[in-house]
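Note sheet for the following structure.
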Amino acid sequence: MQLRRRANMNSTEKRIHRELRNYVRDDLSDSGIIIELVNNDLMNLKAFMKGVPGTPYEGGKYELDITIDDSYPYKAPTFKFVTRIWNPCVSPFDGTVCLDHVGNGVWPVTMTIFEALLIIQSWMSVYDSEHPVDMDISKQAIEHEEIFKKTAKFWNTKYAGARNPYDRKLLRKLRLMVRITNNEDLAIFALSYHNWVLPTDIKNPRIVRI
């Protein structure tokens, strides 16, 4: 990452420049988080996050957009997953996350972008059940943990490039559901939100073969 310090930087840009300089100096990429500039714009960053080992996200690579406005560091940046992920703390529709509750609702001025990414990464291991973005996914994770893990792993393989074999039962159900939706992504959403229970009007599941 090339960091060029301009003479006319505002206070926010100086802060971000310092954070990124420390990130490069300390070689924090070993954390599984890589931060990059977008078009050399300090106010627009991109992060790549490796799925945490031992979780349904293991082996995946997740891309996030980070947008910062002039109120930083007094206001949290906007973090948004570009890569689809099944997690209670992330909207599966547009990838938004919410960090408003960090610091008891007051964004800590001392918190860096990298530290915020570490918090987001931690949700892969122990998600924040008190502040979920999606209540339905949170309910699934609490009441149907095994289905939740299988769903998160399926999404990890489908969208995040993990080299895991698909669960054959889930894949059979997906192929049946596509007959109704004519759209694989829509079918995945529908099944994921209904614990992979097929609609009762789907007939002859045995005709689907892998």
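More than 12 heavy atoms of other residues, nucleotides or ligands shown are found within 6.0 angstrom of CZ on Arg25. Within 6.0 Å of atom NZ in Lys46, more than 12 heavy atoms from other residues, nucleotides or ligands are found, so the atom counts as buried in its surroundings. Heavy atoms of other residues, nucleotides or ligands lying less than 6.0 angstrom from NZ of Lys50 number 12 at most. Surrounding NE2 of His194 are at most 12 heavy atoms belonging to other residues, nucleotides or ligands under 6.0 Å away.
Between the Gln140 side chain and the Thr151 main chain, no donor and acceptor come within less than 3.5 Å of each other. Between the side chain of Asp134 and the backbone N or O of Asp136, at least one donor-acceptor pair lies under 3.5 Å. Checking side-chain atoms of Glu145 against main-chain N and O of Ile142 turns up no donor-acceptor pair under 3.5 Å. No donor-acceptor pair under 3.5 Å is formed between the side chain of Gln121 and the backbone N or O of Leu117. With hydrogens and angles ignored, the 3.5 Å screen pairs no side-chain donor or acceptor of Asp26 with any backbone N or O of Leu28. The backbone N or O of Met43 sits less than 3.5 Å from a side-chain atom of Asp41, completing a donor-acceptor pair. Counting only distance, with no hydrogens or angles, the side chain of Thr12 and the backbone of Asp70 share a donor-acceptor pair below 3.5 Å.
With a 6.0 Å cutoff to the six-membered ring centre and a 45° limit on the axis angle, Lys153 does not count as a cation-pi contact of Tyr57.
Closest non-hydrogen pair, Glu130 versus Pro132, comes out as C-CD, 3.3 Å. Closest of all the heavy-atom pairs between Val133 and Ser91 is CG1-N, 3.8 Å. Minimum interatomic distance between Val178 and Glu184 (heavy atoms only, all atoms of both residues): CG2-CA, 3.9 Å. Annotation for Pro88 and Ala141: closest pair CG-CB, 4.2 Å, computed over non-hydrogen atoms. The two atoms that bring Leu42 and Met9 nearest to each other are CD1-CE, 3.7 Å, heavy atoms only. Closest heavy-atom contact between Pro77 and Ile113: CG-CG1, 4.2 Å.
The OG1 atom of Thr67 lies 9.5 Å from the CZ atom of Phe79; values are rounded to the nearest 0.5 Å. The structure places OG1 of Thr112 at 9.0 Å from CG of Asn22, a figure rounded to the nearest 0.5 Å. For the atom pair CD1 of Ile66 and OG1 of Thr78, the computed distance is 10.5 Å after rounding to the nearest 0.5 Å. Summarising the geometry, atom CD belonging to Glu19 is positioned 11.0 Å from atom CZ belonging to Arg21; distances are rounded to the nearest 0.5 Å. Distance check, rounded to the nearest 0.5 Å: CG of Asn156 to NZ of Lys149 gives 14.0 Å. We find the CG-OG1 distance between Asn164 and Thr157 to be 4.0 Å, quoted to the nearest 0.5 Å.
For the pair His17/Lys14, no side-chain contact is recorded, criterion being any heavy-atom separation below 4.5 Å from C-beta on. Using a 4.5 Å heavy-atom threshold, the side chains of Arg84 and Asp185 count as touching. Here the side chains of Tyr193 and Ile188 are not in contact, with every heavy-atom distance at 4.5 Å or above. Looking at heavy atoms from C-beta onward, Lys173 lies out of side-chain contact with Leu176 at the 4.5 angstrom threshold. Annotation: side chain of Tyr127 is not in contact with side chain of Ile137 (no heavy-atom distance under 4.5 Å). A 4.5 Å side-chain heavy-atom check between Met177 and Pro199 finds at least one atom pair inside the cut-off.
Linking Ile, Leu, Val, Met, Phe, Trp and Tyr residues whenever their side-chain heavy atoms come within less than 4.5 Å places Val24 and Leu37 in a single cluster. Using a 4.5 Å cut-off between side-chain heavy atoms of Ile, Leu, Val, Met, Phe, Trp and Tyr, with links allowed through other members, Tyr74 and Trp107 fall into different hydrophobic clusters. Cluster membership for Val109 and Tyr72, using ILVMFWY side-chain heavy atoms within less than 4.5 angstrom, is not shared. Taking hydrophobic clusters as Ile, Leu, Val, Met, Phe, Trp and Tyr residues chained together by side-chain heavy-atom distances below 4.5 Å, Leu171 shares a cluster with Leu198. At a threshold of 4.5 Å between side-chain heavy atoms, the hydrophobic network of Ile, Leu, Val, Met, Phe, Trp and Tyr places Val38 and Ile35 in two separate groups.
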Exercise for review: In sequence, state the C-alpha distance, the side-chain angles, and the governing distance for Leu20 and Leu45, and then conclude on side-chain contact (heavy atoms from CB on, under 4.5 Å).
Suggested key: CA-CA 10 Å; Leu20 295 180; Leu45 308 177; 4.1 Å; yes
Point to revise | Full working for side-chain contact (heavy atoms from CB on, under 4.5 Å) between Met111 and Ile119 | key: CA-CA 11 Å; Met111 180 171 288; Ile119 291 173; 3.6 Å; yes
Review point. Would Asn44 and Ile68 count as a side-chain contact (heavy atoms from CB on, under 4.5 Å) if you check the C-alpha gap in whole Å, the side-chain angles of each, and the deciding distance to 0.1 Å?
Key: CA-CA 6 Å; Asn44 190 2; Ile68 308 157; over 6 Å; no
Check your understanding: Please walk me through it: do Asp94 and Phe81 pass side-chain contact (heavy atoms from CB on, under 4.5 Å)?
Key -> CA-CA 8 Å; Asp94 61 11; Phe81 274 81; over 6 Å; no
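Side-chain contact check for Asn87 and Tyr62: no donor-acceptor pair (N or O, by modelled atom type) lies under 3.5 Å. Using a 3.5 Å distance cut-off with no hydrogens or angles, the side chains of Asn183 and Thr181 do not pair a donor with an acceptor.
If you run side-chain contact (heavy atoms from CB on, under 4.5 Å) between Met49 and each of Lys61, Met124, Glu63, only Met124 comes through. When the options Thr55, Ile85, Val97, Val52 are evaluated for a side-chain contact (heavy atoms from CB on, under 4.5 Å) with Trp123, the one that passes is Val97.
When ring centroids are compared, Trp86 and Tyr159 stay outside the 6.0 Å threshold. Ring to ring, Phe154 and Tyr166 are close: their centroids are under 6.0 angstrom apart.
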